[in-house]
Amino acid sequence: MSSIVAVGSLAFDSIETPFGSVGKILGGSANHFSISASYFSPVRCISVVGEDYPQDHLEYLKSRKVDISGVKISKGKTFHWSGKYDYELHEATTLETHLNVFEHFSPEVPESYKDSEFLFLGNIFPALQEDVLNKLPKTKFAAIDTMNFWIQSQKEALLKVISKVNCLIINEGELRQLTQTHNVVKAASMIQNVGPELIVVKRGEYGALLFDKGETFSLPGLPLSEVKDPTGAGDSFAGGFMGYLAAQGQSTPTHAALRNAVVYGSVMASFIVEDFGCNQLLRISRDKIEQRFKQFRDLTFFH
Ligand code: AMP
């Protein structure tokens, strides 16, 4: 089993959906990713928090095989994101982004992280993503996620780091925005021409698509009777996807392993949307994960 280095935000989130609203709950790409991936493999987290971040949550992450020696506690306030979803629950509208301690953050990669072969560059400043990638030369499999905020404001820097990774994990709408192309097949191929051989397109309740060189895999979303908040679905998807590959030790994954990884990613995303923030991810177990994996198999089986 290999460890995954993950860089991203540790945040307070304030979220409004048609099913309720919450203020300043624990969120951030590195938080959702790390908890999700830790059900499969050890995670080594790189991030920054302010002095207002709850110490007991850092202790919780430690208790889940998440190494936090790369998490800096800086003077100032923790990153705070506020977002809103309409009835479609498809894409978040960002209401406010307070970068706070992220504004002057320069990631330090602990020596103990440097033998990692798996790297997840979670949603954060593209320049920070590239910095971490450059500081981990033993990486064999690097995946990157991003969002509309960075596509709008840092497109060039983002494309530069995307060109250096193996896999881009991105929302359908954001892939269209990034490539200025409506057709997802064409858009994926445009990004493959820039560098990453693998493109995973997240399609919310409609599932996910995997473009792997010549082969394509399409998985539907699991029909769920309870959906409250899609925040973190992308990061927990990435956690299941990367966590499964790292647990297999497959830094050059076969197409079959990648398909399973997409299913595990979708399983983890299906949990997080059932409640606000990361609440549901804290309640599950490996058995529940395997039960949902089987539900996906039953859902997609036909003669
Ligand atoms: P997702 O998995 O795509 O729903 O990402 C949700 C998480 O992204 C939330 O918990 C936010 O704290 C975090 N987030 C939102 N905007 C940004 C940003 N500009 N940079 C880094 N993280 C962000």
Side-chain angles (χ1 to χ4, degrees), residues 6-17 22-37 45-50 53 57 77-85 88-103 105 107 120-129 132 143-155 157-158 161 168-175 177-178 200-205 208 227-242 265-266 268-282:
V7 62
S9 51
L10 289 174
F12 289 126
D13 287 349
S14 301
I15 304 161
E16 274 177 64
T17 82
V22 286
K24 282 200 144 188
I25 57 166
L26 292 167
S29 52
N31 180 61
H32 300 314
F33 176 88
S34 299
I35 299 174
S36 170
C45 187
I46 299 176
S47 193
V48 62
V49 294
Y53 196 79
H57 191 66
K77 284 190 180 165
T78 300
F79 177 94
H80 181 199
W81 175 75
S82 320
K84 189 177 167 176
Y85 298 84
E88 291 292 307
L89 291 182
H90 242 267
E91 232 169 80
T93 304
T94 294
L95 301 175
E96 282 180 63
T97 301
H98 299 283
L99 293 172
N100 296 336
V101 288
F102 262 106
E103 221 157 330
F105 176 55
F120 177 64
L121 302 171
N123 177 24
I124 196 62
F125 274 107
L128 291 188
Q129 293 177 313
V132 171
I144 188 170
D145 188 12
T146 191
M147 70 180 290
N148 45 18
F149 185 81
W150 303 114
I151 298 172
Q152 270 153 25
S153 59
Q154 308 264 328
K155 189 165 167 179
L158 182 62
V161 57
L168 170 68
I169 302 175
I170 191 165
N171 284 348
E172 187 173 49
E174 287 161 353
L175 176 65
Q177 185 188 7
L178 180 66
V200 179
V201 185
K202 297 169 289 180
R203 306 182 63 232
E205 66 184 303
V227 177
K228 286 189 182 161
D229 170 23
T231 309
D235 302 305
S236 50
F237 176 97
F241 179 84
M242 292 287 284
S266 304
M268 299 313 285
S270 77
F271 284 120
I272 201 168
V273 300
E274 291 178 325
D275 201 352
F276 281 88
C278 57
N279 288 340
Q280 193 72 326
L281 278 194
L282 309 182

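Whatever order the structure lists them in is the order used to number ligands and atoms, beginning at 1.
- Numbered from 1 in the order shown, with element, the atoms of ligand 1 that lie under 4.0 Å from a heavy atom of Gly27 read 10 (O).
- Residue Phe79 touches ligand 1 through its side chain alone, judged by heavy-atom distances below 4.0 Å.
- Proximity of a side-chain donor or acceptor of Thr231 to a complementary backbone N or O of Gly277 within less than 3.5 Å is not detected.
- Polar contact with ligand 1: absent for Phe149 (N/O pair, distance under 3.5 Å).
- Side-chain atoms of Asn100 come within 3.5 Å of backbone atoms of Thr78 as a donor-acceptor pair (strictly under, hydrogens ignored).
- Of the N or O atoms in Gly234, one or more lie within a sub-3.5 Å distance of an N or O in ligand 1.
- Summary of contacts: the protein heavy atom closest to atom 13 (C) of ligand 1 is Ser9 OG, 3.9 Å.
- Proximity of Ala233 to ligand 1, defined as any heavy-atom pair under 4.0 Å, is confined to the backbone N, CA, C and O atoms.
- Near Ala11, meaning under 4.0 Å from any of its heavy atoms, are these atoms of ligand 1: 12 (O).
- With a 4.0 Å heavy-atom cut-off, ligand 1 is reached by the backbone of Thr231 and by its side chain too.
- The shortest heavy-atom contact between Asn31 and Tyr53 is OD1-OH, 4.4 Å.
- Panel note: side chain Ser47, backbone Gly8; a donor-acceptor pair is recorded below 3.5 Å.
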Any chance you could lay out the side chain to side chain contact (heavy atoms under 4.5 Å, CB included) test for Phe105 and Ile124, step after step, and finish with the verdict? CA-CA 11 Å; Phe105 176 55; Ile124 196 62; over 6 Å; no
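- By the 6.0 Å contact criterion, NZ on Lys24 is enclosed, its count of non-hydrogen atoms from other residues, nucleotides or ligands being greater than 12.
- Below 3.5 Å of separation, one finds an N or O of Asp235 facing an N or O of ligand 1.
- At the top of the distance list for atom 4 (O) of ligand 1, counting protein heavy atoms only, stands Gly232 N, 2.7 Å.
- A heavy-atom separation below 4.0 Å is found between Trp150 and ligand 1.
- Checking each of Leu128, Val161, Thr146 against Leu121 for a side-chain contact (heavy atoms from CB on, under 4.5 Å) leaves exactly one that passes, namely Val161.
- The protein atom (non-hydrogen) at minimum distance from atom 12 (O) of ligand 1 is Asp13 OD1, 2.6 Å.
- Protein heavy atom in closest approach to atom 8 (O) of ligand 1: Asn123 ND2, 3.8 Å.
- Residue contact check: Gly28 has heavy atoms under 4.0 Å from atoms 9 (C), 10 (O), 12 (O) of ligand 1.
- Neither the backbone nor the side chain of Phe237 has a heavy atom within less than 4.0 Å of ligand 1.
- Panel note: side chain Gln177, backbone Met147; no donor-acceptor pair is recorded below 3.5 Å.
- Close approach of ligand 1 to His32 (heavy-atom distance below 4.0 Å) involves ligand atoms 10 (O).
- The backbone N or O of His32 lies less than 3.5 Å from no partner atom in the side chain of Ser36, so there is not a single donor-acceptor pair.
- Annotation: atom 16 (N) of ligand 1 to nearest protein heavy atom, Met147 SD, 3.2 Å.
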Checking side chain to side chain contact (heavy atoms under 4.5 Å, CB included) for the pair Phe237/Ser266: CA distance, chi angles, key distance, verdict? CA-CA 6 Å; Phe237 176 97; Ser266 304; 3.5 Å; yes
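- Scanning both residues, Ser236 and Met268, for their nearest heavy atoms gives O-CB, 3.3 Å.
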